Asks: 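Sharing a structure here in structure tokens format.
Everything numeric here is computed off the predicted structure, so don't read it as measured data.
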Amino acid sequence: MNQLSGKSHVFTLRVQYRSNSDYLANLVSIAENYKGTVLNAELKELRTDLTAADVVISVEQPEDQKWIEKAVNQLSGGDIVELLEEIMLLHKGGKLETTLKNPIRTKDDLSKVYTPGVAKVCQAIAQDQAQAYELTTKKNTVAVISDGTAVLGLGDIGPKAAMPVMEGKAALFKQFANVDAVPICLDTKDTEEIIAIVKALAPTFGGINLEDISSPRCFEIEERLRNELDIPVFHDDQHGTAIVVLAGLLNALKVCGKNIKDVKIVVNGVGAAGISVSKMLLHAGAVNLIGVDREGAINRLETYNRTHWSEFAQITNPGLETGGLSDVIKGADVFIGVSAPGVLKLDDVLNMAKDPIVFAMANPTPEIDPAIAAPHVRVMATGRSDYPNQINNVLCFPGIFRGALDCEAMDINDEMKLAAAEAISSVIDPSELHEKYIIPDAFDPRVVERIRMAVAQAAFKSGAARKNLLTGVN
């Protein structure tokens with residue numbers, strides 16, 4: 001079985017066959033006939049007369065897989081039990097592992113890493129709690145915590161099913177910012193229980209990343225934890241989205257020659273993300289911002305049974321506009337959608353101001369088809385990777401936590417979030433800025449470092465940092 005480069009599609013056939021047959025050899029020949037390569041075959045004897053194998057095959061094109069499957073199905077002596085997709089195999093056994101920074105090979109190593117040597121370190125921390133940042137993993141470790149109630153577009157799928165997403169988040173922390181992250185999925189939806197558990201876990205970590213917790217509970221959970229802990233607590237679904245939206249909008253407004261203080265902004269979807277996006281834009285200088293949900297424009301003259309809507313109404317919609325999306329979108333310069341597929345119609349876009357900006361971020365299907373909207377808007381952005389200007393949280397959270405950990409921050413406040421957005425925006429040189437390039441690529445190596453420094457400096461200036469990153473002084 002040879003490892004092969006140059007192939008672009010990998011799949012696995014789980015097969016069972018008579019142990020004394022030529023089934024496996026014939027399968028390998030079929031793969032080779034279709035210009036495929038068997039990379040591995042993991043065998044397991046089920047009985048003396050029956051063998052199972054997971055056969056990993058690499059082919060040049062996905063359609064080659066279909067021909068191989070069809071031919072293998074015609075083989076005598078065995079059967080395909082299951083097709084294991086590449087994505088499932090990638091997640092087999094999880095996506096993370098724990099490694100050692102220093103090897104433990106001798107008794108002397110053991111005595112230093114564990115007892116009796118470790119007692120000296122424990123005593124140092126007991127005498128000065130701040131030493132935990134220097135002498136334990138706290139300095140570089142974040143907890144990624146979810147209750148599984150609002151996972152991607154899947155909804156309330158529970159803590160076990162949420163684990164692959166939290167592992168993925170942890171992997172991104174490590175890949176992009178070298179932050180060690182631990183996925184923790186809680187088997188409770190009770191707000192008080194979640195708060196108590198996170199508070200009890202907090203001594204281990206330098207920061208808490210809340211993830212995929214349903215609204216409105218997410219508001220109280222984050223607010224309480226921010227008030228009651230002395231480490232950063234950041235709900236990425238709210239603030240990560242808001243920061244990247246602002247970063248993209250700042251550049252989109254430059255392309256259009258408009259100022260955030262002068263434009264009319266309509267935010268469709270007044271949930272966790274919509275409210276956070278709105279507050280971020282207001283903090284950055286927006287004035288005329290209107291939030292719209294299924295019940296219409298949020299208006300301070302109305303009475304709402306949702307506390308977060310009542311609070312939101314007091315800071316938005318200065319013109320007291322009423323009606324649905326089609327009513328308030330008239331004359332708007334900016335549409336920001338964090339809602340549902342297809343809610344923005346072409347007529348709505350045509351009723352917007354000159355050179356409109358549309359951020360349609362519902363995933364996987366945007367609020368309006370970009371192909372329909374693009375000819376009529378100046379700047380188009382979505383949450384998808386197959387269109388220009390992807391609004392992606394991965395641009396934000398690794399760098400924010402990298403900066404917060406490095407300055408030993410006690411919080412991630414509005415000043416730090418604004419600094420992060422401006423840092424992302426600044427990665428694109430004004431000479432490179434255009435309608436289809438308002439946001440940098442997540443793999444741009446400048447992103448994390450720009451955010452890190454901006455966040456750390458903002459933290460120190462606002463009193464949220466224990467350490468000045470520029471001087472290294474506590």
Asks: Treating D237 as the side-chain partner and E211 as the backbone partner, does any N or O pair qualify as donor plus acceptor under 3.5 Å?
Replies: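 Side chain of D237 to backbone of E211: no pair is present.
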Asks: Evaluate the side chain to side chain donor-acceptor pair (under 3.5 Å) criterion for residues N413 and K417: first the C-alpha distance (whole Å), next the side-chain angles of each, then the deciding distance (0.1 Å), finally the verdict.
Replies: CA-CA 6 Å; N413 58 30; K417 295 170 196 171; over 6 Å; no
Asks: Is a donor on one side and an acceptor on the other found under 3.5 Å between the side chain of D64 and the backbone of V59?
Replies: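 Not at all, since once roles are kept as given, no pair shorter than 3.5 Å links the two residues.
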Asks: Show me, pair by pair, the donor-acceptor contacts under 3.5 angstrom made by side chains of residues 280-297, not counting sequence neighbours?
Replies:
residue	atom	partner	partner atom	Å
D293	OD2	V270	N	2.8

Asks: Suppose we screen for salt bridge (Lys or Arg N to Asp or Glu O under 4.0 Å). Which residues come up paired with K330, at least two apart in sequence or across chains?
Replies: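 With sequence neighbours excluded, K330 shows a salt bridge (Lys or Arg N to Asp or Glu O under 4.0 Å) to no residue whatsoever.
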Asks: Can you tell me how far CG of D156 sits from CG of D147, rounded to the nearest 0.5 angstrom?
Replies: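 Output value for this atom pair is 7.5 Å.
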Asks: Is N389 reaching over with its side chain to a backbone N or O of M380, donor-acceptor style, under 3.5 angstrom?
Replies: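 At least one qualifying donor-acceptor pair exists.
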Asks: If I take atom SG from residue C407 and atom CZ from residue F460, how far apart are they, to the nearest 0.5 angstrom?
Replies: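 Taking SG in C407 and CZ in F460, the distance rounds to 9.5 Å.
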Asks: Could you check S326 against D348 for side chain to side chain donor-acceptor pair (under 3.5 Å), going step by step and ending with a plain yes or no?
Replies: CA-CA 6 Å; S326 294; D348 298 330; 2.8 Å; yes
Asks: What distance separates D180 CG from F205 CZ, expressed to the nearest 0.5 Å?
Replies: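 So the gap between those two atoms works out to 10.5 Å.
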Asks: Tell me if a side-chain donor or acceptor on S276 pairs with a main-chain N or O of Q238 at a distance below 3.5 Å.
Replies: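 Side chain of S276 to backbone of Q238, a donor-acceptor pair under 3.5 Å: yes, one is there.
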Asks: For the residue pair M410 and I231, establish whether any side-chain heavy-atom pair is separated by less than 4.5 Å.
Replies: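 No, too far: nothing below the 4.5 Å cut-off.
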Asks: Mark yes when over 12 heavy atoms from residues, nucleotides or ligands other than W309 sit less than 6.0 Å from its CH2; otherwise mark no.
Replies: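 Yes, CH2 of W309 has more than 12 neighbouring heavy atoms, counting only those of other groups under 6.0 Å.
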Asks: If you define the side chain from C-beta out and look only at heavy atoms, does anything of V349 sit under 4.5 Å from I368?
Replies: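 The answer is yes, as the side chains (C-beta and beyond) meet within the 4.5 Å cut-off.
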Asks: Using side-chain hydrogen bond (donor to acceptor under 3.5 Å, both in side chains) as the criterion, list what pairs up with K138, not counting sequence neighbours.
Replies: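 Partners of K138 by the side-chain hydrogen bond (donor to acceptor under 3.5 Å, both in side chains) criterion come out as none, since no residue qualifies.
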Asks: Using ring pair (Phe, Tyr, Trp, His ring centres under 6.0 Å) as the criterion, list what pairs up with F176, not counting sequence neighbours.
Replies: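 For F176, the residues satisfying ring pair (Phe, Tyr, Trp, His ring centres under 6.0 Å) (neighbours in sequence not counted) are F443.
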Asks: So which heavy atom on V267 is nearest to which on G274, and how close?
Replies: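 Nearest pair, atom of V267 first, then G274: CG1-O, 3.9 Å.
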Asks: Tell me whether the count of non-hydrogen atoms from other residues, nucleotides or ligands lying under 6.0 Å of NZ in K95 goes above 12.
Replies: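 Yes, because the 6.0 Å sphere around NZ of K95 holds more than 12 heavy atoms from other groups.
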Asks: State, with a plain yes or no, whether a side-chain heavy atom of T141 is found less than 4.5 Å away from one of V182.
Replies: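 In contact.
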Asks: Tell me, which pairs form a salt bridge (charged side-chain N to carboxylate O under 4.0 Å, His left out) where one or both residues lie in residues 264-280, sequence neighbours left out?
Replies: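 Sorted pair list: K264-E321.
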Asks: Under 4.5 Å between any side-chain heavy atoms of L395 and P440, yes or no?
Replies: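 With C-beta onward as the side chain, the pair touches.
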Asks: So, N227 side chain and E223 main chain: donor-acceptor pair closer than 3.5 Å or not?
Replies: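 The answer is yes, because a donor-acceptor pair under 3.5 Å joins these two groups.
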Asks: Taking atom NZ as the centre, does K189 end up with more than 12 heavy-atom neighbours from other residues, nucleotides or ligands that are less than 6.0 angstrom away?
Replies: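 Atom NZ in K189 is not crowded, with 12 or fewer foreign heavy atoms closer than 6.0 Å.
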Asks: Between the side chain of N140 and the main-chain N/O of N178, is any donor-acceptor distance below 3.5 Å?
Replies: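 Pair found, side chain donor or acceptor close to backbone of N178.
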Asks: Before giving the answer on side chain to side chain contact (heavy atoms under 4.5 Å, CB included), spell out for N392 and V244 the whole-Å C-alpha distance, their side-chain angles and the decisive distance to 0.1 Å.
Replies: CA-CA 7 Å; N392 190 337; V244 182; 5.7 Å; no
Asks: Can you name the nearest heavy-atom pair linking I412 to I400, along with the distance?
Replies: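 Here I412 and I400 meet closest at CD1-CG2, 3.4 Å.
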Asks: Would you say the side-chain atoms of T191 pair up with the backbone N or O of R217, donor to acceptor, closer than 3.5 Å?
Replies: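 Flag not set: sc T191 to bb R217 has no pair under 3.5 Å.
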Asks: Which atom pair, heavy atoms only, marks the closest approach of C396 to G240?
Replies: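 Smallest heavy-atom distance, with atoms named: SG-CA, 3.9 Å.
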Asks: Salt bridge or not between K160 and D187? Use side-chain N to carboxylate O under 4.0 Å.
Replies: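 Salt bridge between K160 and D187, a charged N being under 4.0 Å from a carboxylate O: no.
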Asks: Between K467 and D406, is there a donor-acceptor pair closer than 3.5 Å when you use the side chain of the first and the backbone of the second?
Replies: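 Side chain of K467 to backbone of D406: no pair is present.
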Asks: Considering residues at least two apart in sequence or located in another chain, which fulfil the ring pair (Phe, Tyr, Trp, His ring centres under 6.0 Å) criterion with F219?
Replies: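 If we apply the ring pair (Phe, Tyr, Trp, His ring centres under 6.0 Å) test to F219, skipping adjacent residues, the hits are H308.
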Asks: One pair to check against side chain to side chain donor-acceptor pair (under 3.5 Å): D190 and T188. What are the steps and the verdict?
Replies: CA-CA 6 Å; D190 184 86; T188 176; 5.3 Å; no
Asks: Counting only heavy atoms not in K66, do more than 12 fall under 6.0 Å of its NZ?
Replies: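 Counting neighbours around NZ of K66, 12 or fewer heavy atoms of other residues, nucleotides or ligands fall under 6.0 Å, so no.
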Asks: Any chance you could measure S462, atom OG, to D414, atom CG, to the nearest 0.5 Å?
Replies: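 The OG atom of S462 sits 9.5 Å away from the CG atom of D414.
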Asks: With sequence neighbours left out, write down each residue that passes ring pair (Phe, Tyr, Trp, His ring centres under 6.0 Å) with F234, or none if nothing qualifies.
Replies: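 Once residues adjacent in sequence are excluded, the partners of F234 under the ring pair (Phe, Tyr, Trp, His ring centres under 6.0 Å) criterion are H239, F401.
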Asks: Give me each pair satisfying side chain to side chain donor-acceptor pair (under 3.5 Å) with a member in residues 441-451, each pair once, sequence neighbours excluded.
Replies: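 Passing the test, one end in residues 441-451: S426-R450, D444-R446, E449-R452.
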Asks: Would you check if V121 and T136 make a side-chain contact, meaning some heavy-atom pair closer than 4.5 Å?
Replies: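 No. Closest side-chain heavy atoms not under 4.5 Å.
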Asks: Which one of N393, D236, D212 satisfies the side-chain hydrogen bond (donor to acceptor under 3.5 Å, both in side chains) criterion with K169?
Replies: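 Among N393, D236, D212, the one that satisfies the side-chain hydrogen bond (donor to acceptor under 3.5 Å, both in side chains) with K169 is D236.
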Asks: Would you give the length of the straight line joining atom CZ of R300 to atom OG1 of T316, rounded to the nearest 0.5 angstrom?
Replies: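 So the gap between those two atoms works out to 7.0 Å.
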Asks: Apply side chain to side chain contact (heavy atoms under 4.5 Å, CB included) to K436 and V379, showing your working.
Replies: CA-CA 7 Å; K436 294 185 178 181; V379 179; over 6 Å; no
Asks: Tell me, do L13 and I57 make a side-chain contact under 4.5 Å, heavy atoms counted?
Replies: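 Heavy-atom side-chain distance check passes, below 4.5 Å.
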Asks: Would you list the pairs meeting ring-ring contact (aromatic ring centres under 6.0 Å, His included) in which at least one residue belongs to residues 340-387, sequence neighbours left out?
Replies: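 Residue pairs with at least one partner in residues 340-387: there are none.
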Asks: In terms of side-chain geometry, is the basic nitrogen of R224 or E192 positioned less than 4.0 Å from the acidic oxygen of its partner?
Replies: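 Yes.
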Asks: Got a second to check how far I424's CD1 is from I451's CD1, nearest 0.5 Å?
Replies: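 That separation rounds to 4.0 Å.
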Asks: Looking at residues at least two apart in the chain, or sitting in another chain, which of them share a salt bridge (Lys or Arg N to Asp or Glu O under 4.0 Å) with K345?
Replies: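 Expected list: none.
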Asks: Could you tell me whether the side chain of N251 and the main chain of I438 form a donor-acceptor pair under 3.5 Å?
Replies: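 Here the side-chain-to-backbone pair exists.
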Asks: Are any non-hydrogen side-chain atoms of V266 and I336 less than 4.5 angstrom apart?
Replies: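 V266 does not reach I336 side chain to side chain.
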Asks: Quick one: does I357's side chain get under 4.5 Å of D333's, heavy atoms only?
Replies: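 They are not in contact (no side-chain heavy atoms under 4.5 Å apart), so the answer is no.
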Asks: Identify, with sequence neighbours excluded, every residue that meets ring pair (Phe, Tyr, Trp, His ring centres under 6.0 Å) alongside F397.
Replies: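 For F397, the residues satisfying ring pair (Phe, Tyr, Trp, His ring centres under 6.0 Å) (neighbours in sequence not counted) are F173.
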Asks: Test side chain to side chain contact (heavy atoms under 4.5 Å, CB included) on V377 and F335; report intermediate values, then the result.
Replies: CA-CA 10 Å; V377 303; F335 169 87; over 6 Å; no
Asks: Sorted by first residue and then second, give each salt bridge (charged side-chain N to carboxylate O under 4.0 Å, His left out) pair with at least one member in residues 353-372; sequence neighbours left out.
Replies: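 Listed by first then second residue: D355-R378.
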Asks: Would you confirm whether R384, through its side chain, and M361, through its main-chain N or O, come within 3.5 Å as a donor-acceptor pair?
Replies: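 Here the side-chain-to-backbone pair does not exist.
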